[in-house]
Structures are given as structure tokens and as C-alpha cells.
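Let me begin by presenting the structure, written as C-alpha cells, before commenting on it.
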Amino acid sequence: EAQVTQNPRYLITVTGKKLTVTCSQNMNHEYMSWYRQDPGLGLRQIYYSMNVEVTDKGDVPEGYKVSRKEKRNFPLILESPSPNQTSLYFCASSKGYGSSYNEQFFGPGTRLTVL
Amino acid sequence: EDKVVQSPLSLVVHEGDTVTLNCSYEVTNFRSLLWYKQEKKAPTFLFMLTSSGIEKKSGRLSSILDKKELFSILNITATQTGDSAVYLCAVEPILYGNKLVFGAGTILRVKS
């Protein structure tokens, strides 16, 4: 089944404790992206990657890191989480970019709480 | 700054009603507009619109784009309780790879 998977689905952690949220897709998609969703603000892009070893900042990259060493995986790293990073996080992938390829498939989401 | 505004923020209707959800946008070098439905999980794709005045249709849902007035509408006819969800509108600017700029969403609740 074609899908985007994220782990963990739920995480409660404390300020400053480094964490990684994994994202994997099995559709051989070139493009992957991370979003956070907060009430009243919609989805905001954190980072995106257009291919292996190619990543760039989205709208809200502060406090986050990403890497793209393999096409299928795009982990999100919070080196020193803070309470303002409490949010619902989505990973998404698409075949490429441009109108024909821009349908993004979303993972199930990771609900992160930073105390 | 690229911006997407959806209205209303929320609405409650009865089964069988028709609803219209609005999405207006300001974006540099528009490429496409997308609608997603989000229930208690990940957003799922509904429509992508790139050309003005051409209606996209899928069952009871339809959407149209007006590139001159910079807005899109999503219509749902004969609503059902299963249509209850958050509906998200997103636009894609040309310049930034595959970036999507999302609106805050419209919360639709359909009562039986």
C-alpha cells in the first residue's frame, strides 16, 4: 500500500531533550516536506527536500533540522525542544513539483507535547 | 508575503444542505490551488485547480477557480454527516519548489 509513515505518533517530552521524528514513504517520491499545524494557523511548512541531499527552509524552520540521506526517509530533528514547538506535525511527499506532480500525500501526523 | 484566507472559519449545517466554502489568496506567481479534507488524521487530497473558470467535480463536491479575482470556492451538495471535517485550501507559488501555503481551514459540521 502506498503510504507515508511517521513515528512516533504521539510524544510527550521535556524541554531540551533532543528528539527525532521519522518519516518514510514507499512511493519513490522525490519531494518531501515537513509541516506543523497549530489552531487558527493552518499548516506551515518547516523544511522541504527536493531530492536526496537537497533540503531547504520553509516558513518556520527555527529550532528544527532535517536530513535526506536516502530518497525514502526524511527525519525531523529537534535538537533542543521548547514548549512553543508543541504542535501536530505532518510529513508529506509528492512525485515532484509543478502542477502535475504537486499532489502531496500526508503521513498520519505526530502529536508532540514539550513540557 | 503569500497569504491564503478561508471563510467561514466554521459552520454547522443539516444533512441535505448545500454549502459553499471560500478561499481567497495573495501569492507571488501563482501555479495552482489545492483543496484538502482533514478528518481526525492527515489531510487527504480533493482537487487541484490551475485554470480559471474550469470546474473540477467529484461526486457531490465541486470546485472552481477565479484567477482574476484570486479566489476559489468548494461546493458540497446534499451534505452528509461524513462530510464533517476541516477543509483546507492551499496555493502553490511557482518560485519555491513544491511549497504549499495553507489557509487556516474551515471547520464543517453536518448534523443529522
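Chain identifiers are assigned alphabetically (A, B, ...) following the order of the sequence lines, protein sequences preceding nucleic acid strands; residue numbering begins at 1 within each chain. Just so you know, these numbers come straight off a predicted model, no measurement behind them.
Aromatic rings of B/Y25 and B/F71 (six-membered ring for Trp) have centroids beyond the 6.0 Å cut-off, not under it. Centroid-to-centroid, the aromatic rings of A/Y35 and A/F106 come within less than 6.0 Å. Not less than 6.0 angstrom separates the ring centroid of B/F47 from the ring centroid of B/Y36.
In this structure, a donor-acceptor pair under 3.5 Å is present between the side chains of A/Y64 and A/Y89.
Residue with the most contacts toward chain B among A/D38, A/L43, A/D59: A/L43 (heavy-atom pairs, distance under 4.5 Å).
With a 4.5 Å cut-off on non-hydrogen atoms, A/L41 touches chain B through its backbone but not through its side chain. The part of A/Q37 that comes within reach of chain B is its side chain, from C-beta onward, which places non-hydrogen atoms under 4.5 angstrom from that chain. Residue B/Q6 does not touch chain A at all, counting heavy-atom pairs closer than 4.5 Å.
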